[in-house]
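Step one of this worksheet: look at the structure below.
Ligands are counted one by one from 1 in listed order, and the atoms in each one are counted from 1 as well.
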Amino acid sequence: MAQRREFLKAIGALAAAPVMAHAPRAFAQGRPVRAATLTAAPGRQQIVPPEYPATDIWAFNGTAPGPELRFRQGERVRIAVKNSLPQDTTVHWHGVRLPNAMDGVPHVTQPPIAPGGEFVYEFDLPDAGTFWYHPHEKSHEQVGRGLYGAFVVAERDPPPVDRDVTWVLSDFRLTPQAAHAADWDSMFDMSHDGRVGNTVAVNGKFTARDGAFEVTRGERVRLRLVNAAVARIFALRFRDHAPVVIANDGQPVTPHPPENGLIVLGPGMRADLILDCRGERGKRYEVADEFYPRSRERLLWLAYRDAPAIESESRDAPVALKPNPLAEPDVARATRHEILFEGGAMSPRMMGRGMAGMGAGGHPMLWFINDRAVPDDHRAHEPMLDLKLGGHYVFAMRNDTAWYHPIHLHGLAFRIVARNGQPTRWREWADTALMAPRERVDIAFVADAPGTWMFHCHVLAHQHAGMMTTIRVA
Ligand code: C2O
Ligand code: CU
């Protein structure tokens, strides 16, 4: 019982995580700038139940996830990142459309931030939505140790809800002493499905046993889901509830129930849901994770307070979000590029041709995008494609591997227009497209941001073993 209360408290407190609401401290070109500081440093956190030790983590401002950064659409932000880690780092603002120099990619958009160093990121926020931040240096290890956080940009005029809550989903691979397993460069992880952990966490706490998210009958919750895991894919089912998806990867979508009732999020992906709490008072309902069929797990309980239903004023309000100012790709006149993903375990390519040299850490390169594997330090790397600024493009991506890959493009949002040759139902905007084994996915976008942008798999062990490249827009 004590434990149960402990977890209720933990999740309750995290759900109400303090938001960064600094007063403007500075002005840029006559406009106020909202300032924040993130310090990346070793820390310690009780991830698993209290009968186990706390875990030595790396974290932003002491906790994993780090602080939820909350801003408003149209604001300009200035975020100082201090590195108190024993190795280089950077911060990438995943999904935020910003100038290339602020994108946080070591060796491509900036030099890495050395231990003891600092880098100040400053950019405008053109889009509202649910984004996130994480290092881009050795990210398979740094994200895995706990360096990530939510980055929320509120609409100027958000749909009314009773609560706006973020669940940062992740997992950890822990030893029986609750320490990170030390096999960061595991060949098996790199060549199979990445470093899938054994301890799923919501907002940095293991919740599967008796963790609960408390709700009151009658309330309407906007739930922002962020998959910050280095490899784990989530497929969430809300038992006896009917969540409505209103945004993917921060970008508004026609409100719709999730396909087959499952919210599927590959690493890096986000979803915004409207959850109307219509369960019975005093009862609890499971939120299940059904992605890995052989290890179906509970994520947590939705626990209804034993309290009278509230009359939500927002209940009948429309939930559709206003679109962000994105340039609409014209698929008919777009230039088409075929992008082929190969490699990994059970691939003829790996068996037949062997590996493609070594990465910066001396590990083999196992994955290929259009025939090339790029090491972390981008040594001798040339962009895969040169795109014309303002041009319209379709990337016809083909996953010729036995594995899932969430493919992320920096700096630009794209529409997912077709899967296996069939038009998609919602033509959703995204910054990360999950490709199933052997699947073909067509994405379309306008290359309206100049610079050299990363294009890579967000299973971070795959990225580490070569599954990344860049495109250059000029
Ligand atoms: Cu979220 Cu290039 O990464
Ligand atoms: Cu991958």
Is the distance between the ring centroids of His410 and His456 under 6.0 Å? yes

Hey, could you give me each pair passing side-chain hydrogen bond (donor to acceptor under 3.5 Å, both in side chains) that has a residue in residues 105-114? Not counting sequence neighbours. Gln110-Tyr121

From His405, does some N, O or S atom reach closer than 2.8 Å to the Cu ion (ligand 2)? yes

Applying salt bridge (charged side-chain N to carboxylate O under 4.0 Å, His left out) as the test, list every pair that has at least one member in residues 79-101; sequence neighbours left out. Arg97-Asp127

For atom 2 (Cu) of ligand 1, protein N, O or S atoms at a distance below 2.8 Å amount to 3

If I consider every N, O or S atom in His462, which one ends up closest to the Cu ion (ligand 2)? I only need its name. ND1

Check ion pair Glu439-Arg419 (N to O, under 4.0 angstrom): yes

If the threshold is 4.0 Å, N to carboxylate O, is there a salt bridge linking Lys138 and Asp376? no

Find, among atoms of His134 that are N, O or S, the one nearest to atom 1 (Cu) of ligand 1, and state its name. NE2

Under the criterion side-chain hydrogen bond (donor to acceptor under 3.5 Å, both in side chains), which of Asp183, Asp189, Asp171, Asp185 is the partner of Arg195? Asp183

Listed partners of Phe455 passing ring pair (Phe, Tyr, Trp, His ring centres under 6.0 Å), at least two apart: Phe395

